[in-house]
> 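Structure in structure tokens, see below.
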There are 2 protein chains.
Amino acid sequence: MVNYSGYTIRTMAERCGMTAHTLRYYERVGLIQPVNRAGNGHRRYTDADECWIHFLHCMRATNMPIREMQRYAALREQGDATSLERRKILEDHQAEIARQIEELQRAHALLTHKIANYRKIEQRIRIGGPILPESEMAGNEDDCTCMLAPAS
Amino acid sequence: MVNYSGYTIRTMAERCGMTAHTLRYYERVGLIQPVNRAGNGHRRYTDADECWIHFLHCMRATNMPIREMQRYAALREQGDATSLERRKILEDHQAEIARQIEELQRAHALLTHKIANYRKIEQRIRIGGPILPESEMAGNEDDCTCMLAPAS
DNA sequence: CCTTGACTTTGAGCGCGCTCAAAGTTGTAC
DNA sequence: GTACAACTTTGAGCGCGCTCAAAGTCAAGG
């Protein structure tokens, strides 16, 4: 009977929405500090680990590159003195997130437009029957894809 | 002197915020139909091409996989009859975009929180001077990373 | 004792989306 | 005529972020 309570890698993976493979990988590349082991050598994760891993997951899910996460993790290990630098990383990432949100929102709007257009096309087909086979509109460009927000 | 007016690949790349390499690649993999050529064999893009390429760019920028874009492009070439299927693809992608926006917004909020926390840490350092070197808080877990929204 | 299953390590492999290198052609400028 | 720049094609290469295969260890159950 081996002790050291804490979460197994399997459990941890489930709790954090990632695979055990990924958890080991993150540890290998220094995103996670060497994890406590049970007597048999198996990893045992703490709540603090979970906290950190959730954070990692959140950063990855928002497209922070592994390299940047490594930089952040390394600073974190050096304690409060690196606060300013770490804050800078997070601020930059937050700005990047804002940029992504904007881009997604523009695309979302464009899609709303295009989807409405498809509904119209389907309507016309239903009315006109299977007659007019293609492109009864001006161009065969099916709609105004050109409704695109200006790049900054 | 060779004619066929239209945009060169270079110009098109600039206008659409991608590289010429990528434009050729998209054509190779069927995302773009074979483009008109000038007498010397160089590609000449039309405004309609630009329209479509902008759309492709927009979909890629919001993480639609190339495979899905290929599926969509293939349907598009078959004309209005595929409207319904194409609409489905766009609706699915729009839903995926909504999901991404939510995720990004959650991360954005988390970062606001963490950044504020770093400011506090920096404040304490400025006041306490270079004395207390590390971890004068409860744990060395620098803040409540656990403020994480519930996964659906 | 033997099987089962959950873990371990190491290094290799993979899917994606480009990105580039090499070698060739064409058109213009000097 | 020759240099240069801009394009062409083909196929290979690359960076990222996992993902997996292989071989081994250990503990519990039958």
> I need the CD-C1' distance between E14(A) and dC7(C), as an integer number of Å.
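Rounding to the nearest Å, CD of E14(A) and C1' of dC7(C) are 14 Å apart.
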> Residues in side chain to side chain contact (heavy atoms under 4.5 Å, CB included) with E85(B), at least two apart?
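With sequence neighbours excluded, E85(B) shows a side chain to side chain contact (heavy atoms under 4.5 Å, CB included) to R71(B), L75(B), given in chain and number order.
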> Which pairs of donor and acceptor atoms, one on a side chain in residues 16-32 of chain B, lie under 3.5 Å apart (sequence neighbours left out)?
unit_1 : atom_1 : unit_2 : atom_2 : d
T19(B) : OG1    : H21(B) : N      : 3.4
T19(B) : OG1    : T22(B) : N      : 3.0
T19(B) : OG1    : T22(B) : OG1    : 2.9
E27(B) : OE1    : R43(B) : NE     : 2.7
E27(B) : OE2    : V35(B) : N      : 3.3

> At less than 4.0 Å, is any side-chain N or O atom of T8(A) found next to OP1 or OP2 of dC7(C)? Yes or no.
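Looking at the OP1 and OP2 atoms of dC7(C), one of them is under 4.0 Å from a side-chain N or O of T8(A).
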> Any Lys/Arg nitrogen of K114(B) or E91(A) sitting under 4.0 Å from an Asp/Glu carboxylate oxygen of the other?
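Salt bridge absent between K114(B) and E91(A).
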> Between Y7(B) (OH) and dC7(D) (P), how many Å, whole number?
15 Å
> What are the residues of residues 92-100 of chain B, sorted by number, that bring a heavy atom to within less than 4.0 Å of DNA chain C?
none
> Could you list the residues that satisfy salt bridge (Lys or Arg N to Asp or Glu O under 4.0 Å) with K120(A), not counting sequence neighbours?
none
> Under the side chain to side chain contact (heavy atoms under 4.5 Å, CB included) test, which residues partner E122(A), sequence neighbours left out?
Y118(A), R126(A), S83(B), L84(B), R87(B)
> Just jot down the side chain to side chain contact (heavy atoms under 4.5 Å, CB included) partners of Q94(B), sequence neighbours excluded, or say none.
H108(A), L111(A), T112(A), I115(A)
> Run the salt bridge (Lys or Arg N to Asp or Glu O under 4.0 Å) test against R10(B) and tell me which residues pass, sequence neighbours left out.
none
> Please confirm whether the shortest side-chain N or O distance from R10(B) to OP1 or OP2 of dC7(D) is below 4.0 Å.
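Yes, because at least one side-chain N or O of R10(B) sits under 4.0 Å from OP1 or OP2 of dC7(D).
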> Considering residues at least two apart in sequence or located in another chain, which fulfil the salt bridge (Lys or Arg N to Asp or Glu O under 4.0 Å) criterion with E96(A)?
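Partners of E96(A) under the salt bridge (Lys or Arg N to Asp or Glu O under 4.0 Å) test: R99(A).
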> Sort me out a list of protein N/O and nucleotides 18-22 of chain C N/O pairs below 3.5 Å, or just none if empty.
unit_1  : atom_1 : unit_2 : atom_2 : d
dC18(C) : OP2    : Y26(B) : OH     : 2.9
dC18(C) : OP2    : R60(B) : NE     : 3.0
dT19(C) : O4     : R28(B) : NH2    : 3.3

> How many Å lie between CZ on R44(B) and C1' on dC7(D), as a whole number?
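Answer to the nearest Å: 9 Å.
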> Grab the CE-C1' distance between M18(A) and dG17(D) for me, whole Å please.
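For the pair M18(A) CE and dG17(D) C1', the rounded distance is 11 Å.
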> Expressed as a whole number of angstroms, how long is the span from N63(B):CG to dC16(C):C1'?
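Atom CG in N63(B) sits about 12 Å away from atom C1' in dC16(C).
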> Rounded to whole angstroms, how far apart are CG on N40(A) and P on dA27(D)?
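Whole-Å distance recorded here is 6 Å.
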> When the distance from CE of M64(A) to C1' of dC16(D) is rounded to whole Å, what number comes out?
16 Å
> Quick one: is dT9(D) close enough that its OP1 or OP2 comes under 4.0 Å of any side-chain N or O from R43(B)?
yes
> Using atom CE of M12(B) as one end and atom P of dT8(D) as the other, report the distance to the nearest whole Å.
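Result: 13 Å.
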> Kindly indicate whether a cation-pi arrangement holds for R44(A) with Y7(A), taking the cut-offs as under 6.0 Å to the six-membered ring centre and within 45° of the axis.
no
> So, is R37(B) near the phosphate of dT9(D), with a side-chain N or O under 4.0 Å from OP1 or OP2?
yes
